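What follows is a single structure, written as structure tokens, with notes after it.
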Amino acid sequence: MPVDGRIGWMVATLTFGSMIISAPTQPRPDPAAAQDPPTACGISRLAESSDWSMSIATAMDPGGRYIAGRGYPDDPSDETRYPAIWDRGVLTSVPIPGVDQGWRDVNSAGVAVGSSYDPDSGKELTPWVYADGQVRPLRGVTSGETNAINEHGVITGTRSDRVPMRWPSVDSDPQKLPLPAGARGAFARDIDDDGTIVGIYWGADGYEHAVAWPSRGTVEVLPLPTGGSISSALTIRNGWINGWVAGTFGLVAVRWHLPSGAVDAFPQFAGTASYVNAVGWMVGKDQSGAGLFVSANGDLTLPGLGGQPDGHAWRLSDNGHVIAGNATDKEGQLRAVRWDCE
């Protein structure tokens, strides 16, 4: 559920290098997800098919039931991938035509969206959706990708000519999203349950800038902290947006909060966080290469498969109890994993 109204928390000011940015605000609890943050997590490998040499997780629904990912063949020159979905840990192969295939997002109904490429030209094929046990192309786009689907089945993605799109349902024709003045194209990355879409646009300066398309109103360029010049928005959940900002201070992970206008820095992440959940908690990788979970309790380093912290947390459930991501095993192979947290 989206956060209603504007929130008037008082926030302190933090100096990061030459960047002036608000210190992290306290997440506003969502009634369906609010509870104490976990303090410990255990790791387990997700099941693999016998013909996979390695695997990764790429998406998870907000409740933590469905995890999407893919396996890899033994031959590193083979660009074929093996897309799959785990339902409460049970593996189902869900193939997509083309090469470099992958499911980018999945919702709590088990509906997934993904993309793939033509093996001859290398161009993007049509965007794909998996619903009612079938994989089929989305309507209206012959070359492009889908990146996200919300809990109401609304989908967002981008045509190969940098035109951001919105599909009101899995059976709908797409709608073009408006561009900011002077934009040379845009890329839609994620969609909130209220319909707000986030991503980037390329400005006249040739650089990317974080942008939001609210469900009601005009397109909004997300604010930059002092010293910032380039930015990117990656995911959105319940009004919280994670991404990064680069400028005179280097590059740092940030979290925007649309209802309050707050922008918070998280330099403990390596480059950027991967995801933010409905209460503003975030996951990703820390500067040492270990999986990292940041909540109202602070930083929690996630355990690895090889006895040492090593991994990349990719998605986080709204209640904070399930994390999907990847970790390296003792043989040096990348594996799709799940962290269960209490």
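The model shown is predicted, which means the values in this text are computed figures rather than measured ones.
- Side chains of Asn147 and Arg104: a donor on one and an acceptor on the other come within 3.5 Å.
- If you chain together hydrophobic residues whose side chains sit under 4.5 Å apart, Tyr207 and Leu251 fall into the same group.
- No donor-acceptor distance shorter than 3.5 angstrom exists from the side chain of Ser172 to the backbone of Trp167, with no hydrogens or angles considered.
- The backbone N or O of Pro267 sits less than 3.5 Å from a side-chain atom of Gln287, completing a donor-acceptor pair.
- Not one N or O on the side chain of Asp318 forms a donor-acceptor pair closer than 3.5 Å with the backbone of Gly63.
- With 3.5 Å as the limit, one finds a donor-acceptor pair spanning the side chains of Ser317 and Asn319.
- Residue Trp314 places its CH2 atom among 12 or fewer non-hydrogen atoms of other residues, nucleotides or ligands, all under 6.0 Å distant.
- Using modelled atom types and a 3.5 Å distance limit, the side chains of Arg166 and Gln175 yield a donor-acceptor pair.
- Under the 3.5 Å distance criterion, the side-chain polar atoms of Gln268 are left unmatched by any main-chain donor or acceptor of Asp286.
- Under the 4.0 Å criterion applied to side-chain N and carboxylate O atoms, Arg70 and Asp100 are assigned as salt-bridge partners.
- Within the 3.5 Å criterion, the main-chain N or O of Asp61 finds no donor-acceptor partner in the side chain of Ser108.
- Defined by atom type and a distance below 3.5 Å, a donor-acceptor pair is present between the side-chain atoms of Asp78 and Thr80.
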**Asked** Going through the checks in order, is the side chain to side chain donor-acceptor pair (under 3.5 Å) test met by Asn297 and Ser295?
**Response** CA-CA 5 Å; Asn297 279 345; Ser295 72; 4.7 Å; no
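- In terms of modelled atom types and a separation under 3.5 Å, the side chain of Asn242 and the main chain of Arg255 share no donor-acceptor contact.
- Surrounding CG of Asp132 are at most 12 heavy atoms belonging to other residues, nucleotides or ligands under 6.0 Å away.
- Panel note: side chain Trp339, backbone Val337; no donor-acceptor pair is recorded below 3.5 Å.
- Here the straight-line distance linking atom CD1 of Ile191 with atom OG1 of Thr196 works out to 8.0 Å at 0.5 Å rounding.
- Hydrophobic cluster membership differs between Tyr82 and Ile56, with clusters built from Ile, Leu, Val, Met, Phe, Trp and Tyr side chains linked at under 4.5 angstrom.
- Within 6.0 Å of atom CD in Glu79, 12 or fewer heavy atoms from other residues, nucleotides or ligands are found, so the atom counts as exposed in its surroundings.
- The hydrophobic cluster containing Ile149 does not contain Val106, counting ILVMFWY residues as joined when their side-chain heavy atoms lie under 4.5 angstrom apart, directly or transitively.
- With Thr146 contributing its side chain and Gly114 its backbone, the two residues share a donor-acceptor pair below 3.5 Å.
- Side chains of Ser232 and Arg189: a donor on one and an acceptor on the other come within 3.5 Å.
- Between Arg237 and Asp193 there is a salt bridge, since a side-chain N of the basic residue sits under 4.0 Å from a carboxylate O of the acidic one.
- Residues Phe187 and Met165 do not share a hydrophobic cluster, clusters being chains of Ile/Leu/Val/Met/Phe/Trp/Tyr side chains in contact below 4.5 Å.
- Looking at His257, its side chain never comes within 3.5 Å of a backbone N or O of Trp240 through a donor-acceptor pair.
- Follow the hydrophobic side-chain contacts under 4.5 Å out from Tyr201 and you never reach Trp244; the two are in separate clusters.
- A donor-acceptor contact shorter than 3.5 Å is absent between the side chain of Trp128 and the backbone of Val135.
- A salt bridge is absent between Asp171 and Arg139; no separation between the charged side-chain nitrogens and carboxylate oxygens falls under 4.0 Å.
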